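Have a look at the structure below, then the notes.
None of the values given here were measured: they were computed from a predicted structure.
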Amino acid sequence: AWAGIPGEVAGEIVPVTAHGVAAGYAQVIRIHTAAGHPLGEGPGGTAWREQRVIVVNDFQNDPSTRAWHAPAREHGLRACACVPVVVDGLSLAILNFYSGEAGFFEAGMVSLIDETARNVSLAWEAGEASRQRHQELRLRQLVESRYQHIVESSPAAIQVSAYPDGKLLAINRVHEQIFEIGRAHV
């Protein structure tokens with residue numbers, strides 16, 4: 001199996017990890033995502049575009065895999081299942097599974113692979129949401145820190161009051177000194 005993501009060249013999919021019988025294969029092939037591109041009409045490019053599992057159970061005799069027949073033969077690959085990792089309606093990665101046995105990917109196996117990809121998609125979404133929350137928290141902390149610095153370094157007395165009751169919420173050090181009100185009263 002191997003996993004690929006978009007490369008530096010538009011439409012190109014490059015491997016980011018590979019294991020098992022497909023590890024060497026992933027390093028010698030090229031996959032594209034564009035329909036009509038000679039390397040985009042295979043199972044990987046089609047799965048990417050159509051955002052669904054594509055299974056080829058007779059790799060050497062399927063016309064859609066013609067561009068990869070020789071390297072697949074050299075690596076002993078006879079069947080494949082390609083599934084996109086889709087987040088927010090966009091394909092972000094592709095998982096490619098291979099077997100040396102033609103007909104290997106039966107319905108139950110395909111269902112399991114599809115479920116695995118959906119779980120990867122959910123984990124990816126959760127990770128993105130967590131990163132976004134963390135970034136928002138850091139930004140809020142930065143804004144609060146800068147605000148606090150501006151208020152504390154101001155030569156003017158500053159107070160923050162609630163509206164409409166006028167309750168004192170915060171004061172700076174100059175306000176404390178001028179009005180002799182300690183922050184404990186805030």
Side-chain angles (χ1 to χ4, degrees), residues 1-140:
W2 66 276
I5 60 170
E8 291 181 13
V9 175
E12 175 185 56
I13 298 295
V14 296
V16 290
T17 187
H19 299 282
V21 295
Y25 176 75
Q27 299 306 315
V28 297
I29 66 161
R30 290 180 47 223
I31 291 180
H32 206 275
T33 61
H37 189 284
L39 300 174
E41 295 298 328
T46 303
W48 181 276
R49 284 190 311 281
E50 296 181 7
Q51 298 185 340
R52 65 182 180 91
V53 177
I54 300 293
V55 174
V56 175
N57 264 321
D58 189 0
F59 202 92
Q60 291 301 317
N61 293 309
D62 192 301
S64 74
T65 60
R66 186 173 293 119
W68 304 278
H69 282 178
R73 190 172 30 258
E74 289 172 18
H75 289 88
L77 307 177
R78 309 238 1 243
C80 75
C82 302
V83 59
V85 175
V86 179
V87 176
D88 292 331
L90 298 173
S91 294
L92 297 182
I94 190 159
L95 307 177
N96 304 280
F97 301 90
Y98 296 87
S99 175
E101 178 185 331
F104 180 79
F105 295 101
E106 44 79 33
M109 176 76 67
V110 172
S111 178
L112 180 62
I113 289 170
D114 189 34
E115 184 177 341
T116 299
R118 283 194 309 261
N119 288 337
V120 169
S121 295
L122 289 173
W124 195 312
E125 285 178 357
E128 287 299 316
S130 176
R131 276 189 286 283
Q132 185 175 0
R133 283 191 306 275
H134 181 70
Q135 185 177 11
E136 289 169 358
L137 177 60
R138 288 185 56 201
L139 179 60
R140 188 171 69 219

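- Annotation for Cys82 and Gly44: closest pair SG-N, 3.8 Å, computed over non-hydrogen atoms.
- Contact check for Tyr98 versus Trp2: side-chain heavy atoms found under the 4.5 Å cut-off.
- In this structure, Ile31 CD1 and Ile94 CD1 are separated by 6.5 Å, a value rounded to the nearest 0.5 Å.
- For His37, the ring pair (Phe, Tyr, Trp, His ring centres under 6.0 Å) partners at least two apart in sequence or on another chain are His32.
- Using modelled atom types, no side-chain atom of Ser111 and backbone atom of Ala107 make a donor-acceptor pair closer than 3.5 Å.
- The nearest pair of heavy atoms linking Ala34 to Glu41 is O-OE2, 4.3 Å.
- Thr116 is linked by a side chain to side chain donor-acceptor pair (under 3.5 Å) to nothing, counting only residues two or more places apart in sequence or in another chain.
- Within the structure, the salt bridge (charged side-chain N to carboxylate O under 4.0 Å, His left out) test picks out no pair touching residues 68-88 (sequence neighbours left out).
- Minimum interatomic distance between His75 and Pro71 (heavy atoms only, all atoms of both residues): ND1-O, 2.9 Å.
- Residue pairs meeting the salt bridge (charged side-chain N to carboxylate O under 4.0 Å, His left out) criterion with at least one member in residues 102-117, sequence neighbours excluded, are Asp114-Arg118.
- Pairs engaging residues 120-133 under the salt bridge (charged side-chain N to carboxylate O under 4.0 Å, His left out) rule: Glu128-Arg131 [sequence neighbours left out].
- The side chain to side chain donor-acceptor pair (under 3.5 Å) check on Thr65 picks up His69, with sequence neighbours excluded.
- Val21 is linked by a side-chain contact (heavy atoms from CB on, under 4.5 Å) to Leu77, counting only residues two or more places apart in sequence or in another chain.
- In terms of heavy-atom proximity, Ala102 sits nearest to Ala79 at CA-CB, 4.4 Å.
- Surrounding CD of Gln132 are at most 12 heavy atoms belonging to other residues, nucleotides or ligands under 6.0 Å away.
- Annotation: side chain of Trp68 is in contact with side chain of Tyr25 (closest heavy-atom distance under 4.5 Å).
- Thr46 meets the side-chain contact (heavy atoms from CB on, under 4.5 Å) test with Arg49, Glu50, Ile54; sequence neighbours excluded.
- Here the straight-line distance linking atom CH2 of Trp48 with atom CG of Leu90 works out to 9.0 Å at 0.5 Å rounding.
- Pairs of residues two or more places apart, or lying in two chains, that qualify as side chain to side chain donor-acceptor pair (under 3.5 Å) and include a residue from residues 3-17 are Thr17-His19.
- When the side-chain contact (heavy atoms from CB on, under 4.5 Å) test is applied to Ala67, the partners found at least two apart in sequence or on another chain are Leu39.
- The nearest pair of heavy atoms linking Ala93 to Ile5 is CB-CG2, 3.9 Å.
- Judged as a side chain to side chain donor-acceptor pair (under 3.5 Å), and not counting sequence neighbours, the contacts of Ser91 are Gln51.
- Here the closest heavy-atom approach between residue Ala117 and residue Pro84 is recorded as CB-O, 3.8 Å.
- Residues that satisfy the side-chain contact (heavy atoms from CB on, under 4.5 Å) test with Val55, not counting sequence neighbours, are Val53, Asn57, Ala81, Phe105, Val110.
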